[in-house]
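Take a look at the structure below.
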Amino acid sequence: MAEKNLLQAIHDGLAEEMRSDESVMILGEDVGRAGGVFRVTQGLQEEFGPERVLDTPLAESLIVGSAIGLSVNGMRPVAEIQFADFIPPAFDQIVNEAAKFYYRSNGAWTVPITIRAPYGVVPGGALYHSQSIEAWFCNTPGLKVVAPTFPADAKAMLKSAIRDPNPVLFLEHKRTYRLIKEDVPEDGHEVPLNKARVHREGGDITVVSYGLMLYTALEVAGKLSEELGIETEVVEPRTLYPMDRETILNSVKKTGKLLVISEANITGSVSGEIAAIVSQEAFEWLDAPVIRLGAPDVPAAAFAKPMMDFFVPSAEKIEAAMLELARY
Amino acid sequence: MAEKNLLQAIHDGLAEEMRSDESVMILGEDVGRAGGVFRVTQGLQEEFGPERVLDTPLAESLIVGSAIGLSVNGMRPVAEIQFADFIPPAFDQIVNEAAKFYYRSNGAWTVPITIRAPYGVVPGGALYHSQSIEAWFCNTPGLKVVAPTFPADAKAMLKSAIRDPNPVLFLEHKRTYRLIKEDVPEDGHEVPLNKARVHREGGDITVVSYGLMLYTALEVAGKLSEELGIETEVVEPRTLYPMDRETILNSVKKTGKLLVISEANITGSVSGEIAAIVSQEAFEWLDAPVIRLGAPDVPAAAFAKPMMDFFVPSAEKIEAAMLELARY
Amino acid sequence: MTTEKTRARHETLDLEEADLKSIYRAMLVARRVDERSWILNRQGKAAFVISCQGQEAAQIGAAYNLRPGHDYLYPYYRDSGMTLLLGQTPRGQFLSLLGKKEDPNSAGRQMPGHFSSRELNIVTSSAPVGVQYPQAAGTALAFKMRGEDGVVMACGGEASTSGGDWHEAMNFSGIHDLPVIFLVENNVYAISVPSKFQVAGSIAKRAEGYGFPGHEVDGNDVLAVYEAAKEAVERARRGDGPTLIEAKTYRMTAHSSDDDDRRYREREEIEAWRLKDPIIRFEKYLFENGLLDEDEKEAMDAEIKAFVAEASDYAENAPFADPEEALDRVYAEV
Amino acid sequence: MTTEKTRARHETLDLEEADLKSIYRAMLVARRVDERSWILNRQGKAAFVISCQGQEAAQIGAAYNLRPGHDYLYPYYRDSGMTLLLGQTPRGQFLSLLGKKEDPNSAGRQMPGHFSSRELNIVTSSAPVGVQYPQAAGTALAFKMRGEDGVVMACGGEASTSGGDWHEAMNFSGIHDLPVIFLVENNVYAISVPSKFQVAGSIAKRAEGYGFPGHEVDGNDVLAVYEAAKEAVERARRGDGPTLIEAKTYRMTAHSSDDDDRRYREREEIEAWRLKDPIIRFEKYLFENGLLDEDEKEAMDAEIKAFVAEASDYAENAPFADPEEALDRVYAEV
Ligand SMILES: Cc1ncc(C[n+]2csc(CCOP(=O)(O)OP(=O)(O)O)c2C)c(N)n1
Ligand SMILES: Cc1ncc(C[n+]2csc(CCOP(=O)(O)OP(=O)(O)O)c2C)c(N)n1
Ligand SMILES: [Mg+2]
Ligand SMILES: [Mg+2]
């Protein structure tokens, strides 16, 4: 087992699936010779040729639309959207088409496609290379939305996504691409798309988070444990839609306190859904208000570093919220 | 003051604004000679000519994109999307463009456009003439999303929307177009875009709802009051984003109990946001779980009437939820 | 049967008498099913009708070149003529019209006209106009990648070319010489909007800008459409790339049963086009070439009407899906 | 100054000596600002550079026909040559490059290259490629509705024609004869993707399909671009409708400072295009026509370099916006 970062893990997941299944292919902008703007697909065109790793025109509706068409004719395409901010032109093909083929044909047509999209704030990315777009897609039955955080999960879930007969939107927080390395199993390892992951057990408060914020949350949780003996249970949904409610509810039923953290603009974010589920299903267990932390309700992160940093929930703010909750 | 239904009220709002401000215009599919597929714009092309009431090609991105371009050159366009289900091609122009012009130019460019879109289940409408799409847009700072229910509100809020310097998405539940008539003031009457409305005061439970479901909720509330003396406070957000939290919170602080009802697929709906706000801000006042009622998590309403009826939250289900809450 | 004159048009197209009868029959079946649908609508039994009337020649002429279940079809909501030709049945059509459980397209979930057949490679279609084109290009790419000789036909009205999807698909198909045929059934109106406010320039001419052929054909002349589509299908099968066909035709009914077209078009215009009815026109051709006579025609029509009525009755008596079935088949099982 | 030969090209275009110098100067300013930006990037001061190098002729040649503050410009991220010509300043450019509070485009909110000026009618631009086209069509429609003679220029790279927005705008502009000029700066690459995988057929030729003229011009020949744009602007002002101009040029730098173009293009190709550098080419023209000499050029360049350096220094020393300003101006006040 080798140590890999998120980027390498996703790369490997793609390569292994393409090796073991001829119908798996990649299409998107600059995925070929360039190997993707983040280098996720580096070397794949050399190995699999220019058709199975296809540079498309700059046309996101086409990318997803043609992926749908490929999938109904025997292929398992992995479509790359260069930045999640540029997914809107493909919105119709995703929410009205891919997500509804199966239902509207009463189960006759499946759409086994995976759509990869790097999201999240990154220095210099500014308004259009920073957005957390998950909420746009988490009200669409028929679609699965996954957002793994750690390399091994990401690789295994990518494999599950590619093998899944349903359309899967696969979100990658681009600021975590090279953030950490961990052991990533070589092959076979699959993580299902309907299970949250408990990263850390604890009886005092529950924190639900994903992406970059999950790292910060885990850090702060460690600190609070060490310094103050506050034990945080940290739950990562991994799949945002449909979500594993059970694991989250069980945790909150144990701790009685919930903090949800994401990097998205707070109002209307997926955090709201999590809070709503908990306040309906675990109300009797709650000992404190469900608190959400997120980015402020401004369009997106700014280019200038000081404003960008201000946009992203900081470790300090997260610590303050966790403390507030623990002491409630 | 004359009695008007929702459709007439919106028609009148458009006509009055066009009369009083030369820069107001309408563009969309079939808005001209046909007067719109629902007849909202009937007669307006005759009165204002084929340019100010412009039949566009079937291209929603163009409709909104050109509205943006018109608005930065002195016009105040009202763009009609024939059915809300067909708004996805315009998603990019709405969320990435219209909503961000002001912020990204540091306040230099405003986009005073209104986008009207009929939403909601209607008999025979099936998957693509039925969707409740509000959640797609309620995570987008810079955009206002309004969804008035009653005719007088709709007319007044349409005027506010047209005069607003920001882009406003104006949602109309198509099944309520001809549902009731009420007195609608002739002119001048404005309703601001940041105020919820309390339809009915009551101390036992709070119900938040809008669109067709609001009618049902009001009916059931009346019945429960009469039959069982249960007094429901019914609050209509009217503006879904950014929402008037104050009015909702005040009500829940009074009643201690909240039911949120909408016709959208329940998971990821705007109801979740309302529940989240309340469980964070009014936790101490809550005497019961926050309950949400909505459509099941299936793509949309079916064509066949029995399945369609099953999709829409019924008066029985609403009554049961209200009773459950009242007795909690 | 031969004529003494120069070769008849169908002969130069290698169409046998049996082909011509099949084509004619298919057009008539489509028309009769359509007419019956309007009757059910007027009787208050069918909530919604959307019609193929006037476009039978464009549809049958084009689809007659396809191999059902091998080639792929992306039809649009008026293409009942095509789907019936490829193997869907009038019974299925009426079951769909009435939203019954046995509706082969969607089990009552979708509106009528939203065709689907996994066996026939008729890809499930929907209401958003234009989305089928990038999908069709993708399906064609899969054939190309595997070196198979399948072709894909993607259809829409003239307004389906106004949205971006059409263009993105045209461009992509041109870049990769994909085996796809874009069939635009230009019937002059998009609901109320006439084509002059819908289409700048010429749809057919645009193909050149994408580096492949575009043909404008008389969409009410079934042999003309057949010929253009034949060439296009052969070209695609050879691996030479896409073709665009713009079939100029006319919508003989209102947009749908929800529409009142008196708001936006003159009765005279419709009457003028009625004279060009593609079925009457083809009938005339068959009569003139001694391929059909009045008796034969009557007999065929009577037989068609009878089984159409039977199909319609069957559908009327068929049950709805249970309400709770609305919950099923949201996700395919892993 | 006149030459004895047949009339020089610029004379047939009614360009005076002063015009030529302005044009040359504008090209040089754009180049020097761009070069300076790369230095700031290499010094670790500028996080991101996106370049106009190689496209100065296309940009200046086209924009020289506009009336700043009257006509509207929808630039794309490489169009610093245009925006500088119309009245934006090198200082503003560097303030934007470094994301400073005084950045005239966005006060440090947007990436460099996302131009905006309310006074100059340069409409705020963004990163999603192609969105400007429908907006530009709308702006042109407003001029037309009011009977004004303003024109709109909308620019993008060749890949900006691949998305649906371009097509929808072309069609709409053709239908209504809108006063808009589509300027496609075809610089062969879209990041790494060469135009043969981006564009089927020919961009310029597509205009015909929409019923208006399309011109392919040598985008490295500033006079050729000027000529095509002049005709297009005059046509638009007259109310005769849109024009598409495809300026064939080349991206002389990597896509941006984040890109390493060695992954996908050969050094020889770049070298070959360096010989066609539009600035050198225009210089040659001016030399040959006795409109500029080496001394004058040196002097002009020295002066430009000096004030570019000054502008850059100013920007370096300028403050950032306070972090909390990220919260401001989300909504315009009612
Ligand atoms: C994206 C989208 N926008 C709007 C509609 C509403 N609509 C349904 S059919 C139609 C007109 C289509 O005209 P055309 O493509 O010419 O086909 P025709 O009905 O004339 O055969 C419209 C506007 C839709 N279905 N999809
Ligand atoms: C909708 C969208 N998709 C993807 C991108 C990422 N992207 C930025 S520039 C670019 C290439 C653009 O190429 P072209 O239009 O030819 O302009 P050039 O950079 O060559 O001048 C891409 C893919 C984007 N900005 N917007
Ligand atoms: Mg039509
Ligand atoms: Mg380019």
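So that the names make sense, note that chain A is the first sequence line, chain B the second, and so on, each numbered from 1. Below, each value reflects all heavy atoms present in this structure, side chains not excepted, and no hydrogens, waters or symmetry copies. Just so you know, these numbers come straight off a predicted model, no measurement behind them.
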Look at [options] and state which one has the largest set of heavy-atom pairs under 4.5 Å with chain B.
| options | value |
| --- | --- |
| A/Arg292, A/Glu284, A/Gln93, A/Met243 | A/Arg292 |
| A/Ala275, A/Ala300, A/Ser279, A/Pro242 | A/Ser279 |
| A/Leu127, A/Asn96, A/Leu143 | A/Asn96 |
| A/Lys100, A/Arg104, A/Glu60, A/Glu281 | A/Lys100 |
| A/Thr140, A/Leu258, A/Val290 | A/Val290 |
| A/Phe86, A/Phe303, A/Tyr128 | A/Tyr128 |

Next item on the list: Among B/Ile87, B/Val270, B/Asn265, single out the residue with the greatest number of heavy-atom pairs under 4.5 Å to chain A.
Entry: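 That would be B/Asn265.
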Note to self: If you count heavy-atom pairs within less than 4.5 Å of chain A, which of B/Cys138, B/Ala90, B/Ala282, B/Pro289 leads?
What the structure shows: B/Pro289
If you look at every heavy atom in [X] and [Y], which pair is closest and at what distance?
| X | Y | answer |
| --- | --- | --- |
| B/Pro299 | A/Ala99 | CG-O, 4.5 Å |
| B/Glu273 | A/Thr267 | OE2-CG2, 3.5 Å |
| B/Asn139 | A/Ser132 | OD1-O, 4.3 Å |

Checklist line | Toward chain A, the part of B/Ile94 with a non-hydrogen atom under 4.5 Å | finding: neither
Item checked: Chi angles and distances behind the side-chain contact (heavy atoms from CB on, under 4.5 Å) call for A/Val95, B/Gln131 -> CA-CA 11 Å; A/Val95 305; B/Gln131 297 178 50; 5.8 Å; no
Item checked: Heavy-atom check, side chain of A/Tyr241 versus side chain of B/Asp297, under 4.5 Å ->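 Result yes, sub-4.5 Å side-chain heavy-atom pair found.
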Check: Considering residues, nucleotides and ligands other than A/Lys305, do more than 12 of their heavy atoms fall under 6.0 Å from its NZ?
Finding: no
Note to self: Check the orientation of B/Phe91 and A/Phe91. Use parallel for under 30°, tilted for 30 to 60°, and perpendicular for over 60°.
What the structure shows: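 If you compare the ring of B/Phe91 with that of A/Phe91, the planes turn out parallel.
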